[in-house]
Amino acid sequence: MSLSRQFHRVWQFWNMRRFWVVIVDAYVALAAFFVFIFVRGRGRGRRRGKGKGEGFQRTCVPHHFGGAKSIPVKPISNKYREERITLCDAASVLKQLLREENLNPRQPPQTNAVIQTILTYLEAGRIRKATSVLFAFPKSFPYSFYALFFRLCSSYGAIVEARKVESHLLTFSRNPPIFLLNRAIESYAKCHCLRDAHELFDEMPRRDGGTWNALITAYSQLGFPNQVFSLFLCMTRSGVCPSEVTFASVLASCGAVSQLLLSKQVHGLVTKFGFCGNVILGSSLVDVYAKCGVMIDARRMFHEIPQPNAVTWNVIVRRYLDAGDAREAVFMFSRMFSTAVQPMNFTFSNALVACSSLSALQEGMQIHGVVVKLGLQDDNVISSSLVNMYVKCDKLEDGSRVFDLLGSRDLVSWTSIVSAYAKSGKTLEARKLFDKMPERNVISWNAMLAGYVRCFEWSEALDFVYLMRNEIKYVDHVTLGLMLNVSAGISDHETGKQIHGYIYRHGFHLDIRVSNALLDMYGKCGNLNSAKIWFNQMSKWRDRVSWNALLASYGHHQLSEQALTMFSEMQWETKPSKYTFGTLLLACANTFALYHGKQIHGFIIRHGFQIDTIMRTALVYMYCKCRCLESAIEVLKGAVSRDVIIWNTIILGCCHNHRGKEALELFVMMEAEGVKPDHVTLKGILLACVEEGLVDFGTECFNSLSSKYNVLPRLEHYNCMIELYSRHGSMHELENFMRTMTIEPTLPMLERVLDACEKNEWSRLGEYITEKINAFKY
DNA sequence: ATAGGGTTAG
């Protein structure tokens, strides 16, 4: 065994530091190997060590070696794999064995036999074991074998093993080929050890383009774009020509920093080096332009690619979705089918997300058809997206059917369906499904909790939080936000403060969403002072949502004037949004501040803000509340389309302004536009009847509530009817109504009826009602 | 030999 020759050769090529690594590796390998032989020969065990999880660290070796301290190494024998050998032990054993071997030379096993053993281990997935055997064998292997090892180390993320393979390669190969060392760099990068990768890069006596690519790719994939750019500069300066691969990584980094100018320069270089026809680089350029926010250039780039592949299409669809242009995303997805390229599952999911954001049920269903036609309905990504699409298009039953037909349901599809039921207000069904889930994570718990919060079912939400606390260990920012919503919903300032403490202790307060929820909680719990203090404390990281929350809490405290003052301060820091205007208008409405309300309206118009349905509804509400019905109607008429909520707002607004006739006229217009009235609308109609004294029409409406409008009569409708008959002295109708009522009347209802009986001297009904009231009291 | 996109649930 020519250890000294190895020594010499290695010495020549590698610097001091690497030399120690190699030589120690060699020593340990030899020692381990001979111990193996030795122990096997003796057939006796040694003391057992801890062994597990102890890594052999290349960088640590010199240090330990100098101090002659114990270095844990991976033993090789199967039987004694848990043994621990210190370096001192190893050295002495080695010495002894070397002497022994000199006296009694032993043939090392044949390379082929060792390869066979290693392959057996690799097939069993035992990479550690395989590496140990490789490491212990004091002879060079074929290069392809090393390459295989590096590949496996990458996929297992086995850094220790990768280091061992590199050591072995350097020790026993006269001239390790550059490409193998490039593989080593890649392995280190895949194991997230950039230090090892860069160290090896620095120490390599010769490099090729692949070496640079390996390092650049490493920095790019681990998210260090600036290092990528400086390495790229070094590379070109040292005269190495960048290849397609180099540009792929550089472009990925350009996308990560979203810098248009830089990206354009790189684009120029790509063209200059003649890589324009490369579909991968083309797709990357599409991606980069889109990430820089220039969809027009992205689209142009897309059209320059002669044959876009599935990835290219995926990029363009996804980027349109990110840019908020869901229509174009769906359009591009449909264009894909005029080519021979089949979309990937992620592309299907992106297109379906785009459909749900557009509520484009027709298109979503067409995509569903394609999915079935291509036999992709069992793909978990696609099927979960389908469930979501149906749910977001208000087709809960269809979503649920897709879920029921699913062959294999994973955590995501379960969570999707639970969330679907929870979000559409069916918390009982959602809970049933939730309890049936085979496994849950924090997202599933949050989905269920969000359902309770959305439906204002506070006591269920509280019970659920207690359950959640016992069942899962860690909550996240969404859970905390929801818990704050619960505190805000029940105005529980104390619990809110405790959650604040938890948030602070766990560092969640730096999350803007959590800190905004906190602000909202303080505002809704009526603690304006705490809200203001917290708002000031977040001055470093607050956003416009924080401002809106603060404005809302001013509005909550009937301080519309101060809200407006805050609004002008807000504009020094951030731009208002539609929520800002909604909040301000609500504050004006609640304080009947017509002057301020008009100011806001003027501001919206002057600054050219698009008035959406929600803002328009807020304006209508404000004008109604401020008794400015004409303006309200004018705003309503300015809408391109009107939903049931804005109609309800104006109809109820008319009633509050004692203008029942207008309310009924608007109702006719609403029906003519094809908007379906709901229970609120019908309450408005009944109130209009009360205002106008339309007893017969009111009765007719009430009687056709469920038959004509598909609305179940609620308490408030009964209230309206009682008020209608009582106020207009229709005692026959009132008596008939009270005696045939299918629900149990409330005490205020009975008192109202009794009042009417007394006023109209209708004692027969009065006695009946008195009895009922007495029954109530005792 | 190496490169691009994407993670559907709250």
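Below, read A as the first sequence line, B as the second, and so on, with proteins coming before strands; counting in each chain starts at 1.
Comparing B:dT8, B:dG4, B:dT2 by their nearest atom to the side chain of A:Gln221 picks out B:dG4. Across B:dT2, B:dA9, B:dT7, the shortest atom-to-atom separation from the side chain of A:Glu186 is found for B:dT2. The side chain of A:Ser416 lies closest to B:dA9 when the candidates are B:dG4, B:dA9, B:dT7. The side chain of A:Arg183 sits closest to B:dT2 out of B:dT2, B:dT8, B:dA3. For A:Asn278, the side-chain atoms get nearest to B:dA3 when compared with the rest of B:dA3, B:dA9, B:dG6. You'll find that the side chain of A:Lys392 is closest to B:dA9, out of B:dA9, B:dA3, B:dT7. The side chain of A:Thr217 has B:dA3 as its nearest neighbour among B:dT7, B:dT8, B:dA3. Listed nucleotides B:dT2, B:dG4, B:dT8 differ in distance to A:Val353; the shortest reach to its side chain belongs to B:dT8. For A:Ile280, whose side chain is taken as the heavy atoms from C-beta onward, the closest listed nucleotide among B:dG4, B:dG6, B:dA9 is B:dG4. In this structure, of B:dA9, B:dA3, B:dG6, it is B:dA3 that holds the atom nearest to the side chain of A:Glu244.
Here A:Asp287 lies in heavy-atom contact (under 4.0 Å) with sugar-phosphate atoms only. Among the heavy atoms of the strands, none lies under 4.0 Å from A:Val418. Residue-level contact check: A:Ala214 touches neither bases nor backbone, having no heavy atom under 4.0 Å from any strand. The residue A:Ser349 sits close only to the backbone: its heavy atoms come under 4.0 Å of sugar-phosphate atoms, none of a base. Among the atoms of the strands shown, only primed sugar atoms or phosphate atoms (P, OP1, OP2) are found under 4.0 Å from some heavy atom of A:Val315.
Atom CG of A:Asn309 and atom P of B:dA3 are 16 Å apart (whole Å). Distance CZ (A:Phe201) to C1' (B:dT2): 14 Å, rounded to an integer number of Å. The nearest whole Å value for the distance from the CG atom in A:Leu180 to the P atom in B:dT2 is 12 Å. We find that CD1 of A:Ile443 is positioned 10 Å from C1' of B:dT7, with the value rounded to whole Å. Taking atom CG of residue A:Asp379 and atom C1' of nucleotide B:dG6, one finds them 12 Å apart after rounding to whole Å. Taking atom CE of A:Met336 as the reference point, atom C1' of B:dG6 lies 13 Å away to the nearest angstrom. Between the C1' atom of B:dA9 and the CD1 atom of A:Ile382 lies a distance of 16 Å, rounded to the nearest Å. In this structure, A:Lys291 atom NZ and B:dG4 atom P are separated by 11 Å, rounded to whole Å.
A close approach under 4.0 Å does not occur between any side-chain nitrogen or oxygen of A:Asn388 and OP1 or OP2 of B:dT8. For B:dT7, the OP1/OP2 oxygens have a side-chain nitrogen or oxygen of A:Arg318 closer than 4.0 Å.
In this structure, the side chain of A:Ser413 does not engage the main chain of A:Arg409 through any donor-acceptor pair within 3.5 Å.
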Can I get a per-line list of side-chain donor-acceptor pairs under 3.5 Å for residues 355-364 of chain A, giving both atom names and the distance, sequence neighbours left out?
from	atom 1	to	atom 2	distance (Å)
A:Ser356	OG	A:Leu352	O	2.8
A:Ser356	OG	A:Val353	O	3.1
A:Ser357	OG	A:Ala354	O	2.9

When the side chains of residues 451-459 of chain A are checked against the rest of the protein, which donor-acceptor pairs come out under 3.5 Å, sequence neighbours left out?
from	atom 1	to	atom 2	distance (Å)
A:Tyr452	OH	A:Arg431	NH1	3.1
A:Glu457	OE1	A:Thr427	OG1	2.8
A:Glu457	OE2	A:Thr427	OG1	3.2

List the atom pairs, donor and acceptor, that lie under 3.5 Å between side-chain atoms in residues 389-396 of chain A and the rest of the protein, sequence neighbours left out.
from	atom 1	to	atom 2	distance (Å)
A:Tyr390	OH	A:His368	ND1	2.7

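Applying the 3.5 Å distance criterion, the base of B:dG4 shares no donor-acceptor pair with the side chain of A:Ser284. Counting atom types as modelled, A:Asn213 pairs no side-chain N or O with a base atom of B:dA1 as donor and acceptor under 3.5 Å.
A centroid separation of less than 6.0 Å is found between the aromatic rings of A:His168 and A:Phe172.
With sequence neighbours excluded, no residue forms a side-chain hydrogen bond (donor to acceptor under 3.5 Å, both in side chains) with A:His509. The ring pair (Phe, Tyr, Trp, His ring centres under 6.0 Å) search around A:Phe232 returns A:Phe247, not counting sequence neighbours.
More than 12 heavy atoms of other residues, nucleotides or ligands lie within 6.0 Å of CG in A:Leu233, so this atom counts as buried by the packing criterion.
Both tests hold for A:Arg440 against A:Phe434: distance to the six-membered ring centre under 6.0 Å, angle to the ring axis within 45°.
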Item checked: Bracket string, DNA chain B, 5' to 3' - pairs by Watson-Crick or G-U geometry under 3.5 Å, | interstrand -> ..........
